[in-house]
Amino acid sequence: SQQGEEDPQALSIQEGENATMNCSYKTSINNLQWYRQNSGRGLVHLILIRSNEREKHSGRLRVTLDTSKKSSSLLITASRAADTASYFCATDASFTGGGNKLTFGTGTQLKVEL
Amino acid sequence: KAGVTQTPRYLIKTRGQQVTLSCSPISGHRSVSWYQQTPGQGLQFLFEYFSETQRNKGNFPGRFSGRQFSNSRSEMNVSTLELGDSALYLCASSFTPGTGGTGANVLTFGAGSRLTVL
């Protein structure tokens, strides 16, 4: 089952504009991560935010986390055509027992047009 | 540093057959996870191996199995294939062992093995 729902499901913007996508999840988490996937290939890790952090930046990416609302947002500023991809949030709820078991959201398909 | 390598990249099987997929993690990564991706169900966790032991398992039937070797390479097997098993199977490796609460389980994914069941 999927932990997160993302919206919008699809987003189309012009190059240079900002893109914002949102993720909601259901249970308490240790951290939340965002991944990008190009055309049905493997996923690439973008950024991680821990449950005790509220905002994090990496280059043109800005992630926020609101644990009280169980939600996160990913902002891509000054988008480029190369940003066209699907974006997934993934939650890590491994508080006990350890191990890697990320639960992925439904994804947002971003299209950046020239 | 070589990335995560998955073989084969594409394969076609018929119902009832079985399939074995292989994954070579990044050198030094001891955790290997497997995910199934389909248009209908999205990305679903299959299982995770660490030091040759299955540490986590998702909600898949027993037809789905895996193992990890001493060199951290992993294989997953699907027996008695069904049409619904058609999917992109993704392998991911991680350096952090995942200590829960202190570890950060950042995954590096391979390009995937696309399985079509006819």
Side-chain angles (χ1 to χ4, degrees), chain A residues 1-7 9-10 23-53 56 58 63 65 67 85-109, chain B residues 3-6 9-10 23 25-26 29-51 53-60 68 74 87-114:
Chain A
S1 63
Q2 287 173 306
Q3 159 86 295
E5 295 289 329
E6 293 180 59
D7 78 273
Q9 287 189 329
C23 166
S24 62
Y25 57 91
K26 298 173 185 174
T27 65
S28 296
I29 61 172
N30 178 20
N31 64 69
L32 184 145
Q33 303 174 35
W34 287 88
Y35 287 80
R36 183 188 73 216
Q37 183 179 38
N38 289 86
S39 300
R41 294 181 63 84
L43 284 78
V44 175
H45 177 260
L46 295 175
I47 193 166
L48 176 150
I49 186 166
R50 299 184 188 277
S51 60
N52 60 355
E53 298 175 312
K56 202 159 184 183
S58 177
V63 170
L65 178 64
T67 53
S86 292
Y87 292 81
F88 295 88
C89 66
T91 53
D92 174 11
S94 58
F95 286 102
T96 58
N100 288 310
K101 185 179 178 182
L102 296 186
T103 304
F104 285 84
T106 50
T108 293
Q109 283 188 301
Chain B
V4 178
T5 304
Q6 290 189 247
R9 290 291 317 282
Y10 302 91
C23 172
I26 289 174
H29 285 194
R30 295 164 62 192
S31 168
V32 175
S33 304
W34 289 89
Y35 289 81
Q36 181 198 63
Q37 186 177 29
T38 60
Q41 298 298 316
L43 279 152
Q44 303 226 308
F45 174 80
L46 280 157
F47 28 65
E48 182 229 0
Y49 288 87
F50 180 77
S51 293
T53 300
Q54 185 180 86
R55 193 163 56 171
N56 280 295
K57 189 176 189 306
N59 296 324
F60 278 81
Q68 186 179 34
S74 177
L88 179 66
Y89 289 88
L90 293 162
C91 166
S93 72
S94 172
F95 174 74
T96 308
T99 54
T102 58
N105 307 330
V106 172
L107 303 182
T108 302
F109 282 84
S113 293
R114 185 166 294 280

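Quick caveat, the model's predicted, so the values are computed rather than measured. Lettering follows sequence order; numbering is per chain, from 1.
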Pair B/Phe109 and A/Tyr35, ring centroids less than 6.0 Å apart: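 Yes; A/Tyr35 has its ring centre under 6.0 Å from that of B/Phe109.
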Which atoms of B/Gln6 approach chain A - backbone, side chain, both or neither, heavy atom under 4.5 Å: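 The answer is neither part of B/Gln6.
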Contact class of B/Tyr35 relative to chain A, heavy atoms under 4.5 angstrom: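 The answer is the side chain of B/Tyr35.
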B/Gln54, CD: over 12 other non-hydrogen atoms inside 6.0 angstrom: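 Yes, enclosed.
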Audit row: A/Thr106, B/Leu43, side-chain contact (heavy atoms from CB on, under 4.5 Å) steps and yes/no: CA-CA 8 Å; A/Thr106 50; B/Leu43 279 152; over 6 Å; no
Test side-chain contact (heavy atoms from CB on, under 4.5 Å) applied to A/Lys101 and B/Phe47, step by step: CA-CA 8 Å; A/Lys101 185 179 178 182; B/Phe47 28 65; over 6 Å; no
Can you tell me how far [atom2] of [Y] sits from [atom1] of [X], rounded to the nearest 0.5 angstrom?
X: B/Leu88; Y: A/Arg41; atom1: CG; atom2: CZ; value: 10.0 Å
X: A/Phe104; Y: B/Gln37; atom1: CZ; atom2: CD; value: 9.0 Å
X: A/Leu43; Y: B/Thr108; atom1: CG; atom2: OG1; value: 11.0 Å

Residues B/Leu107, A/His45; criterion side-chain contact (heavy atoms from CB on, under 4.5 Å); working and verdict: CA-CA 7 Å; B/Leu107 303 182; A/His45 177 260; over 6 Å; no
